[in-house]
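Have a look at the structure below before the remarks.
Please read these numbers as outputs of a predicted model, since none were measured by experiment. Each chain gets a letter, A, B and so on, in the order the sequences are listed, and its residues count up from 1.
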Amino acid sequence: MLIDRMEVTDIKEVAEDIFELKVCGDLASRVKEPGQFVHVQAAHSIDTLLRRPISICDVNRESRELTMIFRAEGKGTKRLAECRQGEELNVLGPLGNGFPIESCKPGGTAVLVGGGVGVPPLYYLSRQLKKNGVNVIHVLGFANKQVSFYEKEFSELGPTRLATVDGSAGQKGFVTNVIEEHDITYDIMYACGPVPMLKALEANYSNKPLYLSLEQRMGCAIGACFACTCQTVDPNDEKGYRKVCSDGPVFKAGEVILSC
Amino acid sequence: MLNIALPGLNMKNPVMPASGCFAFGKEYGELYDLNCLGAIAIKAATKETRFGNPTPRVAETPGGMLNAIGLQNPGVEKIINEELKWLESFDTPILANIAGKETNDYVYTAEQLSKVPNVGALELNISCPNVKEGGITFGTVPEIAAELTEKVKAVSTVPVYVKLSPNVSDIVGMAKAVEEAGADGLSMINTLMGMRIDLKTQAPVLANKMGGLSGPAIKPVAIRMVYEVSQHVTIPIIGMGGIQDAEDVIEFFLAGASAVAVGTANFVDPLVCPKIIEDLPALLEKMNVSHIDELKGRSWGACQKTSSSR
């Protein structure tokens with residue numbers, strides 16, 4: 001973990017209000033595993049005082065580049081969307097514990113399930129799994145075609161199926177409909193997305209290893225402020241809680257209670 | 001030029017992280033050497049383990065943030081056996097923050113914590129806005145605050161600071177009440193009660209609905225309260241509320257503080273405390289001050305001087 005002044009090398013809108021931001025710096029080489037995140041200062045202004053936790057979408061060790069994809073929704077992310085090439089960003093990271101890629105043996109099959117802006121961390125995960133000789137299948141859910149992104153990028157790594165709520169791209173419905181209807185066989189499932197999606201996956205697919213990445217409003221993002229805690233499922237757990245920022249954001253299904 | 005001796009706290013400099021923003025130091029200890037800090041105000045301890053409030057627990061506001069953590073902590077026993085033990089390796093005094101539902105909780109926790117060798121002083125949290133049971137009445141009724149202070153003083157072997165709530169109409173009255181009850185110092189201010197409502201969901205952003213406002217937005221309120229209280233009490237004040245840089249520290253001293261605590265700014269820049277400590281000497285030199293203590297309360301007479309020089 002370090003605080004790095006990273007240079008913006010590229011920023012572009014990849015879907016409606018969805019931005020792909022590339023930054024360069026030493027921090028990129030510190031990323032241990034897919035699913036980790038960074039805490040980004042959106043501006044040097046007290047108007048957006050707190051940092052923004054953003055998942056790492058991809059890492060390029062040679063060019064020391066880190067890719068993030070986010071939705072410009074609030075004040076901070078709207079400001080980040082206005083970043084220009086050459087600008088410096090204050091980035092804290094890499095943070096948290098990501099997806100355990102060693103849990104899937106070479107030759108095995110992993111299903112990566114993403115929803116909306118929960119999709120980005122699955123890209124680096126997929127690349128790492130593929131490097132390990134794991135077969136990857138992607139099931140990506142979006143509200144509609146306008147906000148969908150990275151279909152081509154994921155397709156280059158393995159079969160990729162889309163679901164949109166309005167049916168404007170891929171199959172109409174949710175990611176769970178796609179998984180059911182195509183009767184996908186797999187050894188392990190990794191997921192990141194909205195809580196209702198994670199809950200549906202947990203309810204239906206806990207018979208095999210399932211890892212879920214959670215999102216939560218954060219203060220410090222290093223485990224000190226206790227803003228992002230969630231309760232453990234096991235009432236006899238020694239601590240009774242987990243911090244999304246420093247114990248997670250990835251948890252094994254059944255470890256913590258998913259609440260909206 | 002920075003060392004400060006306060007009751008129970010022999011500090012290398014006047015800067016400490018504020019309670020609740022620094023847990024028990026381990027996380028920040030990975031980023032810098034905690035020996036550089038003047039003191040550490042650890043997260044509030046309660047008699048029993050507390051899980052705290054549901055999430056979302058934080059929300060950003062212009063120039064600040066709201067929090068409703070709800071005093072999550074592992075309970076005093078674990079804090080003593082695990083967290084304070086770990087902190088022993090540092091040459092930095094600990095200000096142990098204490099919270100409770102009722103007087104007996106405070107007394108029990110205070111007695112236990114005051115026996116720990118590296119605890120230099122206690123900080124009574126009588127002002128947490130985020131716990132439903134009792135908490136806030138200790139912080140808003142002078143007689144009740146005084147009674148609690150007296151009872152804790154009776155069992156504590158170390159000095160006791162009382163952390164005051166700004167959510168009162170007469171802050172001086174509160175301060176005087178706890179001073180008379182035997183408080184060795186004051187910490188002020190705690191967060192201001194606030195709220196944010198989301199336009200999309202048309203519901204409060206925080207699960208707890210209300211929370212404590214902190215950050216630069218509350219600094220003028222804190223400065224005003226330190227300014228008023230410091231002129232009416234003789235015990236030292238640890239000033240806090242929106243401190244972001246060395247200039248802010250000086251402002252609190254000018255208002256009448258004897259030391260400062262940095263809270264929310266730790267989330268903005270995790271290295272803010274060492275940075276402030278590093279920046280202070282040059283700033284003092286620029287002000288022709290040989291020791292930061294000289295600045296304490298310098299703003300008090302300013303207006304009178306102008307009028308009498310006419």
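- Counting heavy-atom pairs closer than 4.5 Å to chain A, the top-ranked of the candidates B:Phe24, B:Phe22, B:Phe51 is B:Phe51.
- When heavy atoms are compared at a cutoff of 4.5 Å, B:Thr49 does not approach chain A at all.
- Inter-residue side-chain proximity for A:Ile3 and B:Asp269 is flagged as met; some heavy-atom pair is nearer than 4.5 Å.
- B:Glu27 contributes no side-chain N or O that, together with a main-chain N or O of A:Ala224, makes up a donor-acceptor pair within less than 3.5 Å.
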Does the side-chain contact (heavy atoms from CB on, under 4.5 Å) test come out yes or no for A:Arg217 and B:Thr55, once each step is laid out?
CA-CA 8 Å; A:Arg217 280 171 188 262; B:Thr55 53; over 6 Å; no
Between A:Phe226 and B:Asn73, does the side-chain contact (heavy atoms from CB on, under 4.5 Å) criterion hold? Intermediate values first, please.
CA-CA 9 Å; A:Phe226 289 77; B:Asn73 79 97; over 6 Å; no
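- For a residue to count as touching a neighbouring chain, one of its non-hydrogen atoms must lie under 4.5 Å from one of that chain's; by this rule B:Lys43 touches chain A with the side chain only.
- Neither the backbone nor the side chain of B:Ala265 comes within less than 4.5 Å of any heavy atom in chain A.
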Check the pair B:Gln244, A:Leu49 against side-chain contact (heavy atoms from CB on, under 4.5 Å), reporting the backbone distance first and the verdict last.
CA-CA 11 Å; B:Gln244 298 209 100; A:Leu49 189 72; 3.8 Å; yes
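- Counting non-hydrogen atoms of neighbouring residues, nucleotides and ligands closer than 6.0 angstrom, the NZ atom of A:Lys239 exceeds 12 such neighbours.
- Looking only at heavy-atom pairs under 4.5 Å with chain A, the residue among B:Pro74, B:Ala207, B:Gly25, B:Ala23 that has the most is B:Ala23.
- Residues B:Gln72 and A:Thr229 have side chains that bring a donor and an acceptor to within less than 3.5 angstrom of each other.
- Separating the CD atom in B:Glu60 from the CG atom in A:Asp47 is a distance of 7.5 Å, to the nearest 0.5 Å.
- Both the backbone and the side chain of A:Thr48 come within contact range of chain B, judged by heavy atoms closer than 4.5 Å.
- Annotation for B:Lys85: atom NZ does not count as buried by contact number, only 12 or fewer foreign heavy atoms lying within 6.0 Å.
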